[in-house]
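Chain identifiers are assigned alphabetically (A, B, ...) following the order of the sequence lines, protein sequences preceding nucleic acid strands; residue numbering begins at 1 within each chain. All values below were derived from every heavy atom in this structure, side-chain atoms included, with hydrogens, water molecules and symmetry-related copies excluded.
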Amino acid sequence: MKIYNTMTGMKEAFVPLQPGKVGMYACGVTVYDYCHVGHARSAIVFDVISRYLRYKGFQTTFVRNFTDIDDKIIRRANETGATWDAVAAQFIEEYYRDMDALGIARADIEPKATDHIAEMIEVIRTLIAKGHAYAVREGDNESVYFAVDTFAEYGKLSKKDLEDLRAGARVGVDERKKSPMDFALWKASKAGEPWWESPWGKGRPGWHIECTAMSMRHLGETIDIHGGGADLIFPHHENEIAQSEAFSGKPFARYWVHNGFITIDKEKMSKSLGNFFTIREILKSYDAEVIRLFVLSSHYRSPIEFSQDQLRDAEASLDRYYSTIARIEEFIAVSAGAAPKMQPAAAAALKNVMERFQPQFVEAMDDDFNTAIAVGHLFEMIRELNRFLDTKPSGAEAAGLLADAREMLRSVGAVLNLFGRTPHQWNVDLLRAKQIALTEEVILRKIQERRVARENRDWAAADALRQELDAAGILLEDKKDGTGWRVKIV
RNA sequence: GGCGACGUACCCAAGUGGUAAGGGAGAGGUCUGCAAAACCUUUAUUCAGCGGUUCGAAUCCGCUCGUCGCCUCCA
């Protein structure tokens with residue numbers, strides 16, 4: 001298995017610290033607002049990575065944190081009149097609502113920054129003792145900064161040169177810092193801000209220190225995989241490395257994994273640009289699985305352009321998948337008991353694709369979690385299954401083959417957490433996602449009416465019913481043993 | 001200004017040395033009472049451009065053009 005490591009800029013063979021075990025930490029969200037599609041991408045990517053690691057047999061411990069204390073949370077609290085911890089609690093809840101909908105599994109450990117203040121203080125103390133950090137008085141309390149000059153390898157992750165950073169510093173230089181690049185480990189609390197008691201008086205943690213404290217507490221001083229969005233490379237992850245390695249003297253993470261952005265009109269989707277869609281907004285008109293497939297159709301490091309067209313593409317692909325599964329189920333129900341019949345060439349072609357399917361999936365995922373290729377193979381299988389069905393086979397052997405194929409798709413789909421529903425459920429859920437004002441009951445009644453009309457060879461009445469449903473967004477499919485319905489895509 | 005990505009058909013997208021996956025859209029066909037789905041055919045002698053290395057390059061190197069990201073909070 002190979003993983004692209006941001007640290008080296010290369011795909012590397014994945015060798016965990018302890019054979020068979022993986023410790024992985026992904027930076028989660030700061031809980032001050034609803035999540036947007038960019039957050040969804042990151043969550044989906046690391047969800048799939050952890051699922052795949054388990055699929056490969058690694059005993060995986062996955063930690064994803066919540067940043068529940070920070071300037072933005074405090075600001076939000078001040079704006080809304082709520083307390084800072086109420087804001088955090090609310091948006092953790094909202095986060096779970098969105099992520100649960102998207103099929104993001106809970107991480108094994110989901111720590112909160114504020115539950116690890118003691119660990120952070122311990123790390124900061126040691127860093128001061130080792131000469132890597134210094135306290136600066138601010139009123140009655142002190143702030144503590146990490147002295148970047150004491151960590152010779154600073155910049156190794158983001159490939160930045162300390163001199164360039166200084167020269168290009170765009171932020172107003174804080175007079176109290178020894179060097180402009182020094183960053184806060186601990187912030188003296190200002191009036192009205194939340195605070196914790198510390199050796200430096202009343203204060204609160206800086207942003208980066210929480211990940212060091214939580215990662216070490218839950219996974220040890222060196223972990224296998226540390227991930228997050230590409231925008232965290234600098235300064236967040238760079239600073240984590242500096243403080244963590246200065247503290248422990250050991251490598252902090254062996255593989256650094258960063259997902260690419262979601263863009264709109266080629267620009268990064270972000271709060272500050274205002275060009276974002278919340279997960280919740282998208283879920284008003286698309287099924288959650290559509291978002292998942294949209295994300296997993298590209299490699300996790302590539303930028304993906306967000307648009308309605310893209311979502312519709314993903315929706316059409318999913319519909320194709322579920323339609324094929326529906327065909328298979330129908331075949332098994334209807335034709336399995338019939339006289340055995342299979343065209344040898346068609347059966348051989350299907351068997352061939354089936355044999356290659358799982359190894360190809362593993363090969364794709366082993367190559368830096370290439371879900372785009374994996375999804376490609378999945379749809380090749382779909383095409384082959386349809387081809388086979390078109391040869392009109394029958395009998396138990398054909399049914400067995402199709403059942404095996406369906407099971408393969410299901411088990412591989414589970415790693416991506418896709419394709420988990422029945423075709424019927426997919427269509428029922430689409431009624432809601434597409435806000436179609438018909439219930440399944442009504443649709444079935446219309447189909448019944450149309451059946452009667454067709455039996456009477458009243459084609460005009462039958463077609464009128466078809467058109468009526470079509471106008472509402474429902475397609476009817478006449479088959480040998482009856483008429484089925486599906487939600488029209490696009 | 002510094003650093004780093006990326007540029008593959010109408011659209012999306014994989015492909016990091018061996019002769020262009022897959023999906024969508026379009027056109028034609030098979031099937032169908034009409035449809036739909038599905039399948040078949042068709043859409044890049046070519047991978048932003050120009051040079052170079054090589055028996056061989058979309059893949060490696062150089063330059064040019066274009067787009068984006070990070071350098072400040074950001075998934």
- request: Could you check A:I304 against A:I382 and say which one's nearest nucleotide on RNA chain B is further toward the 5' end?
  value: A:I304
task: Please report, rounded to the nearest Å, how far the P atom of B:rA37 is from the CH2 atom of A:W426.
output: 15 Å
message: Heavy atoms only, 4.0 Å cut-off, all strands: where does A:G228 land among base, sugar-phosphate and nothing?
response: sugar-phosphate
- prompt: Is the A:F66-A:F91 ring centre distance short of 6.0 angstrom?
  reply: no
task: Report which part of the nucleic acid A:R383 touches: base, sugar-phosphate, or nothing (heavy-atom distance under 4.0 Å, all strands).
output: sugar-phosphate
task: Output yes when at least one side-chain N/O atom of A:R320 is less than 4.0 Å from OP1 or OP2 of B:rA38, else no.
output: yes
message: Could you tell me how far apart A:Y321 (OH) and B:rG23 (C1') are, to the nearest whole angstrom?
response: 16 Å
task: Determine the contact category for A:K271: base if any of its heavy atoms lies under 4.0 Å from a base atom, sugar-phosphate if only primed atoms, P, OP1 or OP2 are that close, otherwise nothing.
output: nothing
task: Determine if A:F261 stacks with B:rA75; use a centre-to-centre distance below 5.5 Å and an interplanar angle below 30° as the criteria.
output: no
message: By the 4.0 Å heavy-atom rule, please label A:R450 as base, sugar-phosphate, or nothing.
response: base
query: A:F379 or A:L476: which one's nearest nucleotide on RNA chain B is closer to the 5' end?
result: A:F379
Run the side-chain donor-acceptor check on residues 374-389 of chain A: report pairs under 3.5 Å with partners two or more places apart or on a different chain.
from: A:E384; atom 1: OE1; to: A:R387; atom 2: NH1; distance (Å): 2.6
from: A:N386; atom 1: OD1; to: A:R327; atom 2: NH1; distance (Å): 2.8
from: A:N386; atom 1: ND2; to: A:T324; atom 2: OG1; distance (Å): 3.0
from: A:N386; atom 1: ND2; to: A:I382; atom 2: O; distance (Å): 3.2

query: Among side-chain atoms of A:S244 and A:T212, is any donor-acceptor pair under 3.5 angstrom?
result: yes
Those residues that, when tested against A:R41, pass salt bridge (Lys or Arg N to Asp or Glu O under 4.0 Å) (two or more places apart): none
query: Please give, in whole Å, the distance from B:rA25 P to A:R312 CZ?
result: 12 Å
- prompt: Relative to A:F46, does A:R64 satisfy both conditions: NZ or CZ under 6.0 angstrom from the six-membered ring centre, and within 45 degrees of the ring's axis?
  reply: no
query: Does any non-hydrogen side-chain atom of A:M24 lie less than 4.5 Å from one of A:V257?
result: no
message: Quick check on contacts: within residues 366-377 of chain A, what sits under 4.0 Å from RNA chain B by heavy-atom distance?
response: A:N370, A:A372, A:I373, A:G376
task: Kindly say if A:T483 contacts the phosphate of B:rA35, meaning a side-chain N or O under 4.0 Å from OP1 or OP2.
output: no
task: State which residues pass salt bridge (Lys or Arg N to Asp or Glu O under 4.0 Å) with A:K159; sequence neighbours excluded, sorted by chain then number.
output: none
task: Provide, to the nearest angstrom, the distance between the CG atom belonging to A:L162 and the P atom belonging to B:rC3.
output: 15 Å
task: For A:R454, report the nucleic acid contact type (base, sugar-phosphate, nothing); a contact means any heavy atom under 4.0 Å.
output: base
message: Can you give me the dot-bracket string for RNA chain B, 5' to 3', counting Watson-Crick and G-U wobble pairs with both distances under 3.5 Å, using [ ] for crossing pairs and | for partners on another strand?
response: ((((((((.[[[..)..(...]]].(((((.......))))).....[[[[[..)....]]]]])))))))....
message: Does A:N386 reach a base, just sugar-phosphate, or nothing at all? Heavy atoms under 4.0 Å.
response: sugar-phosphate
task: Return the residues of residues 66-78 of chain A meeting this criterion: a heavy atom under 4.0 Å from some atom of RNA chain B. Order them by number, or give none.
output: A:K72
- request: Round to the nearest Å and state the distance from A:K268 atom NZ to B:rU67 atom P.
  value: 20 Å
- prompt: For B:rC40, does OP1 or OP2 lie under 4.0 Å from any side-chain N or O of A:R387?
  reply: yes
query: With a 4.0 Å cut-off on heavy atoms, is A:L389 in touch with a base, just the backbone sugar-phosphate, or nothing at all?
result: nothing
